[in-house]
There are 2 protein chains.
Amino acid sequence: MEISLTEENYMKAIFSLQLNADEVVSNSRLAEHFNTRAASATDMLQRLADKKLVHYKKYQGVTLTTKGHKLAVHIVRRHRLWEVFLYEKLQFKWDEVHDLAEQLEHIQSEELTNRLDKFLNHPKCDPHGDPIPDKKGQIRSDLAKPLTHIIQKGYYRITRVTDHSKSFLNYLTEQNICIGDVVKLEEINAYDASCKLKTTGGQIVFLSQKAASHILAEFKK
Amino acid sequence: MEISLTEENYMKAIFSLQLNADEVVSNSRLAEHFNTRAASATDMLQRLADKKLVHYKKYQGVTLTTKGHKLAVHIVRRHRLWEVFLYEKLQFKWDEVHDLAEQLEHIQSEELTNRLDKFLNHPKCDPHGDPIPDKKGQIRSDLAKPLTHIIQKGYYRITRVTDHSKSFLNYLTEQNICIGDVVKLEEINAYDASCKLKTTGGQIVFLSQKAASHILAEFKK
DNA sequence: AAAAATAATTAGACTAGTCTAAATTATGAG
DNA sequence: CTCATAATTTAGACTAGTCTAATTATTTTT
Ligand SMILES: [Mn+2]
Ligand SMILES: [Mn+2]
Ligand SMILES: [Mn+2]
Ligand SMILES: [Mn+2]
């Protein structure tokens, strides 16, 4: 069955807007995500339902079918592999890769995806620390928590960011915070959920709740 | 100005259907090339004329404007660079790269094209021996002639093929004929323009007029 | 439980790109 | 040069994807 570029984008959006699988995604969230009108989203959801990619009941929002979930994960895999390619091989910055990967993810070829994966040495994560689904669609589970959820001071490895906007990524770069870095969490302010940490380079950085909430880290044994 | 994927395909087709620049390309050749109806081609040509990409007079066919020529060459550059990437880095065979490059050539990013070029070490030719235009759109001129135009026996380097069909490329692979090989042209039959040559590996291969006409070679000093 | 506010759907229109069928222009054989 | 044929263009219709405006359903408030 033919899946159009637009349909692929919707599938990926539904997948990434739901925090846990089978969370219902509303029409309005999709419309907002695509900067389009609710009527257009309705139209598309009905189309996707016809293709058995989503469960759709009028006024109730959508969830992915098994088939739809498989497709969405597959597109995410392509997206993240291309991001690794752009970052590792073409030396793009981590704030530049997303927009290009948005285009590249629609190149239709199973074989290409798998060869790219091999060429890149089967990377586990993309430049933002997002896990790359394997050939079968399996996604490695992730133990990292947002800095805002950490209650114990100490050493943590930064493994992932959940805001991919240029402004956020540039801010982190300026603060010398990179994926993979081990930082020392020195202060946790219960009052406003902000924190203070020492970077790999030794600088002291203060992070607001907003920034900290988008940085995932795991305890360094 | 926005150029759609379809418009890009038409521009590239016009460019590659004309043997010498400013050769007029007819409506029917384009319709045939895209396996579409003449009415659709007319529609598109009028659209391209509106965008000042082609010179179009009713019933007279089209040629590229300066602006259109620039655009077409640019798309050809992207196509051929991606072919090199697929061939060199992902180990696709020379008969597999074209279809994928047809998709990849539409990724819109000047920066990506130039970085890919650099990553591949500024290749001169794609896997079929077709020259890759440089950043400015300059195309290296090509001294090679079809085997059917060669009158002198001797040693020749195979530099390019002009039929990109899987069946032709597979045929050459079976006969052990590759781009870059130096072959010994041992017989030239004036009667049917067929020829006989000895490959790098020492095999004797007979080539029909049809096959020989799509193999370009240059004299080996 | 009804009214008000919000969210979602439908109806109808528009563009890009395609098609078929009909009309028009060019060509080339006699 | 004229008429038949081939090539091209136009007219009108269809699909995907979008929009606005109007309608309907759900949720929240009172
Ligand atoms: Mn991304
Ligand atoms: Mn990413
Ligand atoms: Mn090609
Ligand atoms: Mn080629």
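This one's a predicted model, so the numbers in the text were calculated from it and none came from an experiment. Values below: every heavy atom of this structure, side chains too, minus hydrogens, waters and symmetry copies. Proteins come first, then strands; the chains are lettered A, B, ... in the order of their sequence lines, and each starts at number 1.
OP1 and OP2 of D:dA7 both lie 4.0 Å or more from every side-chain N or O belonging to B:Gln60. For B:Lys58 and D:dT10, the shortest distance from a side-chain N or O to OP1 or OP2 is below 4.0 Å. Note on B:Thr42: a side-chain N or O is less than 4.0 Å away from OP1 or OP2 of D:dT9.
Among the atoms of the strands shown, only primed sugar atoms or phosphate atoms (P, OP1, OP2) are found under 4.0 Å from some heavy atom of A:Ser28. Here A:Phe34 lies out of heavy-atom contact (under 4.0 Å) with every strand. B:Thr6 comes within 4.0 angstrom of sugar-phosphate atoms only, judged by non-hydrogen atoms across all strands, and of no base.
If you take CG of B:Asp43 and C1' of D:dT9, they are 10 Å apart, rounded to a whole angstrom. Going from atom CG of B:Leu48 over to atom P of C:dG17 covers 9 Å, rounded to whole Å. Computed from coordinates, the A:Glu2 CD to C:dT18 P distance equals 14 Å when rounded to whole Å. If you measure from atom CE of B:Met44 to atom P of D:dT9, you get 14 Å, rounded to the nearest angstrom. Going from atom CG of B:Asp50 over to atom C1' of C:dG17 covers 15 Å, rounded to whole Å. The CG-P distance, from A:Asn27 to C:dT6, rounds to 17 Å in whole Å. As a whole-Å value, the separation of B:Gln46 CD from D:dA11 C1' is 12 Å. Atom CD of A:Glu32 is separated from atom C1' of C:dA7 by 13 Å (rounded to the nearest Å).
The aromatic rings of B:Phe119 and A:Phe119 sit perpendicular to each other, their planes meeting at more than 60°, with 30° as the lower class boundary.
In this model, a donor atom of one side chain and an acceptor atom of the other lie less than 3.5 Å apart for A:His106 and A:Asn9. Of the N and O atoms on the side chains of A:Asp22 and A:Thr63, not one donor lies less than 3.5 Å from an acceptor on the other residue. For the residue pair A:Asp130/A:His79, the side-chain donor-acceptor check at 3.5 Å is not satisfied.
Nearest-nucleotide positions on DNA chain D for B:Ser26 and A:Thr36 put B:Ser26 closer to the 5' end. Positionally, the nearest nucleotide of DNA chain D for A:Leu5 lies more toward the 5' end than for the other of A:Arg37 and A:Leu5.
Of the residues A:Phe15, A:Phe34, A:Tyr56, the one that meets the ring-ring contact (aromatic ring centres under 6.0 Å, His included) test with A:Tyr10 is A:Phe34.
For B:Tyr59 and C:dT24, a side-chain-to-base donor-acceptor distance below 3.5 Å is present, hydrogens and geometry of angles not being considered.
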